[in-house]
Amino acid sequence: MAEITKSYESREVEKKWYAAWQGARAFAGRPDTGKEPYAIVIPPPNVTGILTMGHVLNNTLQDILVRRARLEGHAALWLPGTDHAGIATQTVVERELRKQKKTRRDLGREKFLEKVWEWRHEKGGIILEQLRRLGASCDWDRTQFTMDPHYSRAVLTVFADLFRKGHIYRGKRMVNWCPVSQTALSDEEVIMKPVNGTIYRVRYELVEQPGRYVEVKTTRPETIPGDVAIAVHPDDPRYLGLIGKKVRRPLGPPAEIPLIPDAAVDREFGTGALKITPAHDKADFEIGGRHKLPAIDVLKADGTLNELAGAELAGLDRFAGRKKAAELLRASGALVAEEAYANNVGYSERADVPIEPRLTWQWWLRYPRVEEAKSAVRDGYIRFYPQRWGKVYLHWLENIQDWCISRQLWWGHRIPVWYRKGLDKEALNETDLRDPTKVHVSLEGPLDPENWIQEDDVLDTWASSWLWPFATMGWPDEAAMQKAGYDYFYPTSTLVTGPDIIFFWVARMIMAGLEFTRTGEPIERRIPFRNVYFTGIIRDQQGRKMSKSLGNSPDPLDLIDKYGADGLRFGIVSIAPQGQDIRFQEDRIESGKNFCNKLWNASRFRQMSGEAGDNSSLSGILARLEPGKFDADDHAILDRMLATTREVDRCFGEFEFSAAVQSLYGFFWNDFCDWYVEVSKSKLQNPETKANCLAIQDLVLRQTLLLLHPFIPFITEELWSLLGYGTPGKFIADALLENASQIATASHVRGVALDRDAVAAVEKLKAFISQARALKADHNLASRRDVRFFVTTGEVEWRVLAANLAKLTRMAGAVEISRRDKVEGAPAAVTPLGTLYLDLASTVDAGAERARLSKELEQLTKHIASTEARLSNEAFVSKAPPAVLEGARKQLADQKAKHAELERLLRALG
RNA sequence: GGACCUUUAGCUCAGUUGGUUAGAGCGUUUCCUUGACAUGGAAAAGGUCACUGGUUCGAGUCCAGUAAGGUCCACCA
């Protein structure tokens, strides 16, 4: 067995074991009918992505789940991959082209796509390499990409199927248009931002009554040339006589437009009169439609004004146009007033510019399985953690709008629709769309392609990633599904993702799963996953979201270099409570590293303490236990080990990862290292107790490594091997993690009858030691190891002390602890095992001593008063449960005994 | 406007169905390089649990309200 070195070198160990795992295909997800399946599909990062702290948290949690599943004996699969991320990727490649002063249109569609593929092969998927550094145990042989041929087939199959079922249609509607990317966006890709702008009060002159005006307030004067009416509320007395009259449009080509009544107008807002610009506002479009008014589009696709806006505005960008429009209005006297105004403006999430409501032809999807998707979560087939996200999910589904699935991009799945040559696309109605002589929809395309023209648009990226849980497992190809183990692994177990994509992705995957998998079978077979764990969002210390633009996110790879992958994993999990956002603090990552160091050194101590005996299996270690030689510490550490095992079990059941980590941390550091290892030091010097003590250490270390392995896989694998717990050619993950009752049963068979009072006994010993150390510290003797203690105590207590005397003397840093009948004039402390005196050769400062004891007495008196008050409350005595009552009585008795002893000590001081 | 979350030690957070004197890590003070670990050990200081009411024998915990901060959805030009 190799020696455990003085310090843990994460870099080499991580490299070594990751290569070993991959070489042995330890992460392969293989269906095994003798085992329970456990599957996770990764939320596919953008192929352009690089690892962020969010990814670190998210993927660490997935790795923890899948590694734990392996230890529990499941056939586990973690399926990785990337998303083609339409806009993001196309933008990256276009940016590169721009450096060569080219646009994608210069290249043409085919050449441009070649460039994107080139880019993807060279630079895409860096993030998957980075995940390996983190220790992610994905089945890399199965890596998926949403533009892979078989995945694309799944996407197009779904399109054709939904088209055939009538869920997909083409329509000219108001969409969110991004003038930078020059494509339509779904509602989910638009984020509202408060913007400080200007609102303009503009007057429109009545045609029949020159000199009389109707005033409106608008934030967008540049769209006035697109006005087709002024609307007022039908019951608004201010405008009663004016409805039906005409006003002159104050900007753009001269026109007379009517005043129309419409109940959608808010009388309270502005002047109560609203300019109607159907081409540039959703509400206006609806009002225009009701009154059969035309829509005049004054903008081009790139957001510049066109000739319909008039000669002065044409060619200007919309923001420059706004200024110019205000100037023109001012010059003509139509601008009555302008004031600062804060309103909410929709921004393109990707390009970060205001979106333009724009009337265009797009493909739309009426979502399938909406009701069933609600039921899946409402009725508990799918569980959300934390549960409250279920409400957000249901609210979205209640108010669901059709999904605009077409994008005016090139990078993506081109919509499998062909139009008969010579047809006017714009004029196609619903009937034409379903007429196969006019419109062809299929994966293969028409047999006579020369007579058809394919749709230019591609599908929204999310219209491919919503199929992720089953398209990654071969769907819809039977042979591929067979090979991937679809029947075995679907539905997957748990999805780990951020709540920010609950609509984009989670809800849509549920609907897709319900619609496309296992038609006719019950809902629990068709859902894509059984649990969804929503992580928190990682924020910086000021509480801001971590983002590239703010530059407030540390590079995870730097953190790995600095603290090790295990340190990073342990740290990030320990600060990520369920369902709450996380304020990132690097010192928590550092403490993750420190924990690894502690684990390393405790193992080192174990190795240095003596040769093992059979360490290679649980039963081997159990056989080395000598139950007859157990003392209270042996009982207590095993009891705490089982309790921790149970607690970690519970945490996995509830997805409480940080609680699991904290429990393991406390157990290992405090119970094992600070106490058991310390008491071991005297037990190991005694040949009588040495072997049993080593066996107990092995039992605890072995179980701790197993429990910790999902969280910190590298160091646990290394120690597992160095301590000889494994067998050659096997990994720690090949072992089976026994639960608390299995271990208890197995120990029982070996004659170990765990003493449940031992924990309480050890607590008393700990209190005793603590008081002894405090006495020394109070008298500036903490560094001295030649001090003597005396104890005055009863027979029973002394027997406990005597049985542990060697350990206690060492732990207290004393040369001797002995019993006396009476001690006078020495500093003293009242412990649960008797009164402890520090043997001070020098004279005691009676004043200081009195102050110290008086302070303690004073506090104790307060506690006694409150306990007495409770016990003298008749209502408490009659209504509290007996256990609580008895506890209070015992507490009072203890407090009073201690009180009496303190008083006696004070009297003795004189 | 609607929904949700948060408020506990200087900082970041635990606190599981209401029950002894409210915990951890970091930070702070003092002491310690003793053969696993100074990435460490020991001792200590530090909290009227945001506020106001209510329920209860008993409230950090349950209920109502208030305040502050945050998130999501909808959105009036």
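First the proteins, then the strands, lettered A, B, ... as listed; each starts at 1. Fair warning: this is a prediction, and the values are worked out from it, not measured in the lab.
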Could you go over nucleotides 22-30 of chain B and give all protein N or O partners under 3.5 Å, atom names and distances?
residue	atom	partner	partner atom	Å
B:C26	O2'	A:Asp587	OD2	3.1

If we call it a pair only when both distances are under 3.5 Å in a Watson-Crick or G-U wobble match, what pairs with B:U71?
B:A3
Regarding A:Asp284, tell me which of base, sugar-phosphate or nothing describes its non-hydrogen contacts under 4.0 Å with the strands shown.
nothing
Suppose you measure atom P in B:G41 against the same atom in B:U16; what distance do you get, rounded to whole Å?
28 Å
I need the NZ-P distance between A:Lys776 and B:G41, as an integer number of Å.
17 Å
Using a heavy-atom cut-off of under 4.0 Å over every strand shown, decide if A:Arg785 touches base, sugar-phosphate, or nothing.
base
Using modelled atom types and a 3.5 Å cut-off, is there a donor and acceptor pairing between side-chain atoms of A:Asp566 and backbone atoms of A:Ile715?
yes
Determine whether any donor atom in the side chain of A:Asn344 lies under 3.5 Å from an acceptor atom in the base of B:C75, or the reverse, and answer yes or no.
yes
Expected output: side-chain A:Ser658 to main-chain A:Ile575 donor-acceptor under 3.5 Å:
no
5' priority, RNA chain B, between A:Lys598 and A:Arg220 [closest heavy atom]
A:Lys598
What does the list of N/O pairs under 3.5 Å between the protein and nucleotides 15-20 of chain B look like, with a distance for each?
residue	atom	partner	partner atom	Å
B:U20	O2'	A:Gln891	NE2	2.8
B:U20	O2	A:Gln891	OE1	3.3

Output the rounded distance in Å from OH (A:Tyr393) to P (B:C73).
17 Å
Taking donor-acceptor contacts at under 3.5 Å, does the side chain of A:Lys391 reach the base of B:C4?
no
Taking a pair as Watson-Crick or G-U wobble with both distances under 3.5 Å, which nucleotide is matched to B:U39?
none
